[in-house]
Amino acid sequence: MSRRFERKQNIFRNKDALGESYQPDRIEERDEEIEEYMDALQPVVDGWEPNNIFLYGNTGVGKTAVTDYLMDQLQEDVTDYDDVDLSVISLNCKTLNSSYQVAVELVNKLRPAGGEISSTGYPQQTVFKKLYEELDAIGGTILIILDEVDSIGGRDELLYELPRARANGYLESAKVGVIGISNDFKFREQLDPRVQDTLCERELQFPPYDAPELENILSSRAEVAIAEGAVENGVLNYCAALAARDSGSARQALDLLRLAGEIAENQGDDVIVEDHVETARSRLEQERVEEGMRELTTHGRLALLAVISKAAKEETPCRTRDIYEEYTTLCESSETDTLAQRSLHNHLSDLRMLGILSAHENRSGSRGNYYSYQLDVPFTSAIEAMSDVLRLDGEIQTIREIATMNDVV
DNA sequence: CATCCACTGGAAGATATGGCGA
DNA sequence: TCGCCATATCTTCCAGTGGATG
């Protein structure tokens, strides 16, 4: 069979304009926030110590985009003043689970290649000290942007230390401002009150976009990204409505449109229609779930597999005790040590948070209160994602057969 | 109205892994 | 090598929870 790549360009003009890394010339629908943000950044221009700023709002409501945009602008404008020497350090904390790791990462960012330090082993204060040394070496005004800071959870020592470093004499020449960005509204409350005081000097809240706002954003991006006439009337409106209903996230709306376009293109259609968006929606949903499943630990997977197996036998929803039994036999088959029931319960909670399982509370009085778990994703995609679990190919095959027998989908 | 079930969820402590400096 | 240090993952312990039951 002869194969051949052919260029398909009937839908997109510049697909990157719908992508994550694209920086539009103009940020839509965030004028108020930008104004407030600029006001909070004013001390930088004036040469004073910068404010610490805390931004919060759901994913995809423009926090990072506005920040990037304003930092570019700020760095450019500040060149007019000789006495302001501004550096911006930006770090995404998503995979960093503690202040310690954030500090290590910052140090490594500032050090020349080869001088990096490893991510464990030092006492925390040692790492902070190294960080102060690096910052002082840069000097001037330094803005540290910590995106997705909420992932450090309650371990917020760095957020306590950094803003005070100068007052405590750790920094001589550097004026540091911290800009924390969080997707989690509750994060602010779980911070140490002293951290709240300093970090949240200036707080900016980014509300979700509503449907008309999303539609505006979409259409301004679509102008750049998509060929003339390649979007059917109402499609942008539909994407906007879906995203507004779900999260109010521009990211989600743009992803929908981009994927819908790709689907249309692959099918050889010249125009994106609502059906494509619908397909895109369910595919994105499934990707999200599979992503979550890939990151599970061995026991997390076994826990999920236990529920899948129960589902195949049409025995879900199903209480913890029964899942634990199923889990135990699976552990035996795979020659894995079983965990205590409490730990299985933890895994089930995790799976619930990932949206892979759902639970409903049973309050049956004298017979106790407990959760009944069941799969919250299509059976097929669940078992598909499980197919590479260690040493359990046989069992998975069996589960598949049972499922087919019972007509489970 | 007290008691009880069958958990849930929080917290503290144990264990193992990998890295540091001396 | 040894004593520390940070972290992830478990285990152990335990105080709730709230409708049904006697």
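All chains are named by letter (A, B, ...) in the order of the sequence lines, taking the proteins before the strands, and each is independently numbered beginning at 1.
The salt bridge (charged side-chain N to carboxylate O under 4.0 Å, His left out) contacts involving residues 341-370 of chain A comprise A/E361-A/R363, where partners must be two or more places apart or lie in separate chains. Sorted by first and then second residue, the salt bridge (charged side-chain N to carboxylate O under 4.0 Å, His left out) pairs involving residues 276-287 of chain A (not counting sequence neighbours) are A/E278-A/R281, A/E285-A/R288. Note on residues 91-118 of chain A: pairs passing salt bridge (charged side-chain N to carboxylate O under 4.0 Å, His left out), not counting sequence neighbours, are A/R111-A/E134. Judged as a salt bridge (charged side-chain N to carboxylate O under 4.0 Å, His left out), the pairs with a partner in residues 47-76 of chain A (not counting sequence neighbours) are, in order, A/E49-A/R166.
Checked by atom type and distance alone, the side chain of A/N58 never pairs as donor or acceptor with a backbone atom of A/P208 at under 3.5 Å.
DNA chain C lies under 4.0 Å from at least one heavy atom of each of the following residues of residues 93-102 of chain A: A/N97, A/S98, A/Y100, A/Q101.
With sequence neighbours left out, the side chain to side chain donor-acceptor pair (under 3.5 Å) criterion links A/D246 to A/Q252. In this view, A/F54 and A/Y56 satisfy the ring pair (Phe, Tyr, Trp, His ring centres under 6.0 Å) rule, not counting sequence neighbours. Under the side chain to side chain donor-acceptor pair (under 3.5 Å) criterion, A/Q42 pairs with A/D46, sequence neighbours left out. The ring pair (Phe, Tyr, Trp, His ring centres under 6.0 Å) search around A/Y324 returns A/Y327, not counting sequence neighbours.
OP1 and OP2 of C/dT9 both lie 4.0 Å or more from every side-chain N or O belonging to A/H347. Taking 4.0 angstrom as the limit, A/T320 places a side-chain polar atom (N or O) nearer than this to OP1 or OP2 of B/dT8. Taking side-chain N and O atoms only, A/Y371 has a distance below 4.0 Å to OP1 or OP2 of B/dG9.
Rounded to whole Å, atom P of C/dG16 lies 24 Å from atom OH of A/Y370. Look at CG on A/L339: it is 13 Å from C1' on C/dA8, rounded to the nearest Å. Following rounding to the nearest Å, A/E105 (CD) and C/dA6 (C1') show an atom-to-atom distance of 15 Å. Rounded to whole Å, atom C1' of C/dC13 lies 15 Å from atom CD of A/Q341. B/dT8 atom C1' lies 13 Å from atom CG of A/N362, rounded to whole Å.
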Which donor-acceptor pairs under 3.5 Å do side chains of residues 368-375 of chain A form with protein atoms, sequence neighbours excluded?
unit_1, atom_1, unit_2, atom_2, d
A/Y370, OH, A/R319, NH2, 3.1
A/S372, OG, A/N362, OD1, 3.0

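Side-chain atoms of A/R319 lie closest to B/dA6 of the nucleotides B/dA6, C/dC5, B/dT8.
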Evaluate side-chain contact (heavy atoms from CB on, under 4.5 Å) for A/R258 paired with A/L254, printing each intermediate quantity in order. CA-CA 6 Å; A/R258 183 179 42 78; A/L254 291 165; over 6 Å; no
One character per nucleotide, please: for nucleotides 17-22 of chain C, 5' to 3', B when the base has a protein heavy atom closer than 4.0 Å, S when only the sugar-phosphate does, - otherwise. BBBSS-
Which nucleotides of nucleotides 10-22 of chain B have their base under 4.0 Å from a protein heavy atom (B), which only their sugar-phosphate (S), and which neither (-), written as one string 5' to 3'? B-------BBSS-
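Contacts of A/H345 with the nucleic acid, taken as non-hydrogen atoms under 4.0 Å apart, include base atoms.
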